[in-house]
2 protein chains.
Amino acid sequence: MSAEPGGPESASTKRRRNTAKQRAVLEVLGTSERFRSAQQLFVVLRSQRPMRIGLTSVYRILRTLADDQIAETQRAEDGETLYRLRTEPGHRHYLICRLCGRAVGFIPTAIEEQTTGLSAQHGFSDVTHYVDVYGICPQCLRAPVTDDR
Amino acid sequence: MSAEPGGPESASTKRRRNTAKQRAVLEVLGTSERFRSAQQLFVVLRSQRPMRIGLTSVYRILRTLADDQIAETQRAEDGETLYRLRTEPGHRHYLICRLCGRAVGFIPTAIEEQTTGLSAQHGFSDVTHYVDVYGICPQCLRAPVTDDR
DNA sequence: CTACATGCAAAGAATTTGCAAATCA
DNA sequence: TGATTTGCAAATTCTTTGCATGTAG
């Protein structure tokens, strides 16, 4: 619960090894700007790569990347966690295609102000907000799942 | 996917039986305005009621209530589905205490306009937005989980 | 009576954990 | 070498399904 900067499990301080598996996950993540699940990435890694990575490692590596702020995550409508490489610093929100994961970023300024005000007004602390928008992108509307995902 | 008013699985038309189990779930839901999970409700039903309801039925009844718009649902931060009786018609958003489920409703007018504009701009269809805010309410901050939940 | 409701056990799906074997530094 | 990382199988957690039995109307 409490933040201990520099502590043993602090996000950016822990030193990581540089392994082939980690690099592979990072590379596959880099092939698309879309949000993809651990399971999807696992399938791509298994099929497009000669290496035999385990599903467990994919989950572990993705989590580490998210902890290190290298990847950003998003919850799909069904609760699955989706990942993609972080391109810009800071917290953002997305309009995501529920079929292919294509994402259009935006910053809901008004909502952020409103929620901040609401929280203060009702005395809530440790407030986190989620503003997610899902839809079907024009490409998928005419031809569902055309490419990689 | 398509809407067929009056069809066999249409939400408000299907006739339901009036059973003791359904009434029990409805009554327990009525004891609080907080959002609670099926598992939490199951525990309450098992302990506070002489009847032996099954977890499956709790899930089924809650889903039916949600389909009939009698209950409204919310996704917890960990993906669990939370329920509570619907008090007002229409879609609302909430600032929810992640410890006790207490909810403060609000309508993010600005965000709704912004997302509508964004969707149109990028050609997305079937757009749905989720604006969820989680925090710790003042009561839980000083005395975590004091009452029923 | 008969369709709908219920319970239990099993199935599912996403994710995590235990632990021994592999490997980076 | 020595601590991390990895993989597999098993465990977890939430939720749904199959199916035989119970019950409202």
Side-chain angles (χ1 to χ4, degrees), chain A residues 8-28 35-47 49-68 70-71 73-83 98 101 149, chain B residues 7-28 35-46 49-68 70-71 73-83 98 101 149:
Chain A
E9 66 288 351
S10 144
S12 46
T13 42
K14 180 162 190 182
R15 191 169 292 161
R16 321 274 188 194
R17 270 190 193 166
N18 176 12
T19 70
K21 307 296 168 76
Q22 292 176 6
R23 251 176 283 126
V25 171
L26 217 33
E27 281 171 29
V28 171
F35 276 93
R36 288 172 290 177
S37 68
Q39 308 271 354
Q40 288 176 336
L41 291 164
F42 172 64
V43 171
V44 174
L45 282 159
R46 277 270 173 133
S47 62
R49 300 265 157 173
M51 73 182 9
R52 252 178 65 57
I53 194 171
L55 178 58
T56 307
S57 298
V58 176
Y59 273 108
R60 261 183 307 226
I61 293 171
L62 286 173
R63 204 220 285 226
T64 299
L65 291 175
D67 284 350
D68 292 351
I70 293 168
T73 64
Q74 190 72 29
R75 282 255 173 213
E77 284 176 297
D78 67 352
E80 218 179 348
T81 302
L82 307 177
Y83 306 79
R98 55 169 73 90
R149 290 166 85 3
Chain B
E9 68 289 349
S10 145
S12 46
T13 42
K14 180 162 190 180
R15 191 168 291 160
R16 320 278 188 192
R17 275 190 190 168
N18 177 12
T19 70
K21 308 295 168 75
Q22 292 176 7
R23 252 175 282 126
V25 171
L26 216 34
E27 281 171 28
V28 171
F35 276 94
R36 288 172 290 178
S37 69
Q39 308 270 353
Q40 288 176 336
L41 292 165
F42 173 65
V43 171
V44 174
L45 283 159
R46 277 270 173 134
R49 301 265 156 174
M51 72 183 8
R52 251 177 105 307
I53 195 172
L55 178 58
T56 307
S57 297
V58 176
Y59 272 107
R60 260 184 306 225
I61 292 170
L62 286 173
R63 203 217 286 225
T64 299
L65 292 175
D67 284 350
D68 291 350
I70 293 169
T73 64
Q74 190 72 30
R75 283 253 173 214
E77 283 177 296
D78 65 353
E80 217 180 349
T81 302
L82 308 177
Y83 305 80
R98 55 170 73 89
R149 288 165 90 353

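What you see below is based on every heavy atom in this structure, not just the backbone, and it leaves out hydrogens, waters and symmetry mates. Letters A, B, ... are given to chains in the order of the sequence lines, protein chains preceding strands, and every chain is numbered from 1.
- Distances shorter than 4.0 Å separate some side-chain N or O of A:Thr81 from OP1 or OP2 on C:dT15.
- Panel note: side chain A:Arg49, backbone A:Val44; no donor-acceptor pair is recorded below 3.5 Å.
- Toward the 5' end of DNA chain D, the nearer of the two residues A:Arg46 and B:Ala20, judged by each one's closest nucleotide, is A:Arg46.
- Side-chain contact between B:Gln39 and B:Leu55 is present, with heavy atoms from C-beta onward closer than 4.5 Å.
- In this structure, B:Leu45 places its CG atom 15 Å from C1' of C:dG7, rounding to the nearest Å.
- In terms of polar N and O atoms assigned as donor or acceptor, the side chain of A:Arg60 never comes within less than 3.5 Å of the base of C:dT16 in a complementary pairing.
- Distance A:Gln39 CD to C:dG12 P: 15 Å, rounded to the nearest Å.
- Distance, B:Ile53 CD1 to D:dG22 C1': 14 Å, rounded to whole Å.
- Going from atom CZ of B:Arg16 over to atom C1' of D:dA24 covers 15 Å, rounded to whole Å.
- Considering only side-chain N and O atoms, B:Tyr59 lies under 4.0 angstrom from the phosphate OP1 or OP2 of D:dT15.
- Side-chain contact check for B:Arg16 versus B:Asp68: some heavy-atom pair is nearer than 4.5 Å.
- The distance from atom CD of A:Glu80 to atom C1' of D:dT15 is 15 Å, rounded to the nearest whole Å.
- Contact annotation: side chain of A:Arg17 to base of D:dT4, donor-acceptor pair present below 3.5 Å.
- Within 4.0 Å of B:Thr56, counting heavy atoms only, lies at least one base atom of the nucleic acid.
- Side-chain N/O atoms of A:Arg63 include one lying less than 4.0 angstrom from OP1 or OP2 on C:dT16.
- In this structure, B:Lys21 reaches the C:dG7 phosphate: one of its side-chain N or O atoms is under 4.0 Å from OP1 or OP2.
- In this model, the phosphate group of C:dG7 is approached by a side-chain N or O of B:Ser57 to a distance below 4.0 Å at OP1 or OP2.
- B:Val25 places a side-chain heavy atom less than 4.5 Å from the side chain of B:Leu62.
- Here the side chain of B:Asp78 pairs a donor or acceptor atom with the backbone of B:Glu80 at under 3.5 angstrom.
- In this structure, A:Asp67 places its CG atom 11 Å from P of C:dT16, rounding to the nearest Å.
- Look at B:Gln22 and you won't find any side-chain N or O under 4.0 angstrom from OP1 or OP2 of D:dA24.
- Summarising the geometry, the separation between CD1 on B:Ile61 and C1' on D:dT23 is reported as 14 Å, rounded to the nearest angstrom.
- Atoms CG (B:Asp78) and C1' (D:dT13) sit 9 Å apart, rounded to a whole Å.
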